Chemist: 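Before we start, here is the structure in question, set down as structure tokens.
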There are 2 protein chains.
Amino acid sequence: MNRIESAKNPKIKHWKKLHTKKGRDTDNQFLIEGTHLIEEARKSGINPIELIISEEYDVPKSWSDWQVSITYVTDRVMMELSEMKSPQGVIAICQQLDHQLVPSKGRYLLIDAVQDPGNLGTIIRTADAAGVDGVVLGEGSVDLYNGKVIRSTQGSLFHLPIVKGNLLEWIEEMKRAEISVYGTALENGQDYKQIDAPSSFGLIVGNEGEGVSKELLKETDANLYVPIYGQAESLNVAIATAVLLYGLRKEE
Amino acid sequence: MNRIESAKNPKIKHWKKLHTKKGRDTDNQFLIEGTHLIEEARKSGINPIELIISEEYDVPKSWSDWQVSITYVTDRVMMELSEMKSPQGVIAICQQLDHQLVPSKGRYLLIDAVQDPGNLGTIIRTADAAGVDGVVLGEGSVDLYNGKVIRSTQGSLFHLPIVKGNLLEWIEEMKRAEISVYGTALENGQDYKQIDAPSSFGLIVGNEGEGVSKELLKETDANLYVPIYGQAESLNVAIATAVLLYGLRKEE
């Protein structure tokens, strides 16, 4: 049984590096914290490389026959390793996901430089709920494995394929596969309610301040907007994504 | 000209108390930070009691004829008073809003114990965008004047009436005014797309973990849910509110 009592232990120092993008990319790993996220990963067939469990943690009974390497740590060491104010007492080290995604019939969400971790996580959770078949993260978006992104997904990052990609190339490929591609734009757009939602589409949502880049908007079949009936200047990007993804499903 | 150079100045100490609910309620005041929020307040006819401006702040030209009491402070004092990592250099002290709201024809959003400040702010911003006529904050919701709530509204708290109220009494009054009241519930609910959206309604959204309280759900005309097509267990409350508010507008 592995047991670590010092926060200065080289293993702890190494794992702490997984809080940074550089550390995650070097090892091709990431951390998830808490019972719920670990169970979501497990349900999706993702087996952590290592579980880190603190003294006070009450291991769920359903984990008793789980074949996984465990390191036990003191509460103080867990406090050091955790990103939470009140750690739940369990962290898993996982291999970064190796999803494959090829545009075929289906619903796709393309994300152009969304930078707030809470927004990206909520967008992924919403895409999962709305039955999206795959998410493409374009350049300039916050790292999928950022702790706050993961927490905001509430586990949805394990439910649908999420890949990094060049969005211009994706638009090209979706067009070749005869999938309509919609951008989102406040100006020169079309009210989303006018779109007779096809069962296959690609929807592009964009950066919090700048929206979807002009370069991409030029290549789409149409650019949609969510009408503003009151005095707000705009909608939060996760909110707009939700209204569009559900709006495009219409009556079913 | 008032100028304060010490963070220990009693005025600064007093204003810092406005970062707490108790301090805000004692003085019936609140703080807003940054040019955009202050301009939104001003556009809505709200005149701050005092502007606090730091050395480096570049006062907008349009403010030059503004009759308002100003206190100048050093950047260090601003740093002390600000809730932001990188303060914009301007804070306004405002009187708490004294909105009146009586249910008549229109769209109302009733908020039952939403506790996350970012969620409440985003819900208010979304309600503004979706053309809601008034928001009622039930007991147990986070304080409207919490700094993060205000920032997340992006100024929408100045755009529509927001009042505190007893939600059971509000449901009663809306029914008397012949306005349909919809709760939101994951179980025993109705798909929101089946509702032939009336131009007047009250929609109740609820706590992040618990949803809308059972006591309220019993009194509604119908309880709605947003269908989950994927594997997500639920939607974030601000996301669900957005889908419902826009979904209830249908084609216009």
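In what follows, every chain begins at residue 1, and chains take the letters A, B, ... in the order their sequences are listed. These numbers were taken from a predicted model, which means no experiment stands behind them.
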Chemist: Would you find more than 12 non-hydrogen atoms of other residues, nucleotides or ligands less than 6.0 Å from B:Glu210 atom CD?
Modeler: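 It does not: B:Glu210 CD has 12 such atoms or fewer within range.
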Chemist: Are the side chain of A:Asp128 and the backbone N or O of B:Gly230 linked by a donor-acceptor pair below 3.5 Å?
Modeler: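 The answer is no, because no donor-acceptor pair under 3.5 Å joins these two groups.
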Chemist: Most heavy-atom pairs under 4.5 angstrom with chain A, which of B:Thr153, B:Leu244, B:Val226, B:Asn236?
Modeler: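 Top count of heavy-atom pairs under 4.5 Å with chain A: B:Asn236.
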Chemist: For the side chain to side chain contact (heavy atoms under 4.5 Å, CB included) test, which of B:Gln154, B:Glu40, B:Arg125 pairs with A:Glu233?
Modeler: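 Filter result, single survivor: B:Glu40.
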Chemist: Non-hydrogen atoms of chain A under 4.5 Å away: do they reach the side chain of B:Gln231, the backbone, both or neither?
Modeler: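 B:Gln231 touches chain A through backbone and side-chain heavy atoms alike.
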Chemist: Could you tell me how the ring of A:Tyr246 sits relative to the ring of B:Tyr229: parallel (under 30°), tilted (30 to 60°) or perpendicular (over 60°)?
Modeler: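 A:Tyr246 vs B:Tyr229 ring planes: tilted.
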Chemist: Among A:Leu245, A:Ile228, A:Thr241, which residue has the highest count of heavy-atom pairs closer than 4.5 Å to chain B?
Modeler: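 When all of A:Leu245, A:Ile228, A:Thr241 are compared, A:Ile228 has the most.
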Chemist: Out of A:Ser234, A:Ser156, A:Ser152, A:Gly155, return the one with the most heavy atom pairs under 4.5 angstrom to chain B.
Modeler: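 Most heavy-atom pairs within the cutoff with chain B belong to A:Ser234.
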Chemist: Could you tell me which of A:Gly118, A:Gly131, A:Ala129, A:Ala242 has the largest number of non-hydrogen atom pairs under 4.5 Å with chain B?
Modeler: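 The candidate making the most pairs under 4.5 Å is A:Ala129.
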Chemist: Looking at every non-hydrogen atom in both residues, tell me the closest pair between A:Leu235 and B:Thr126 and how far apart they are.
Modeler: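 Looking at all heavy atoms of both residues, the closest pair is CD2-CA, 4.2 Å.
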Chemist: If you count every heavy atom of other residues, nucleotides or ligands that lies below 6.0 Å from A:Ile49 atom CD1, does the total exceed 12?
Modeler: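 Counting other residues, nucleotides and ligands, CD1 of A:Ile49 exceeds 12 neighbours.
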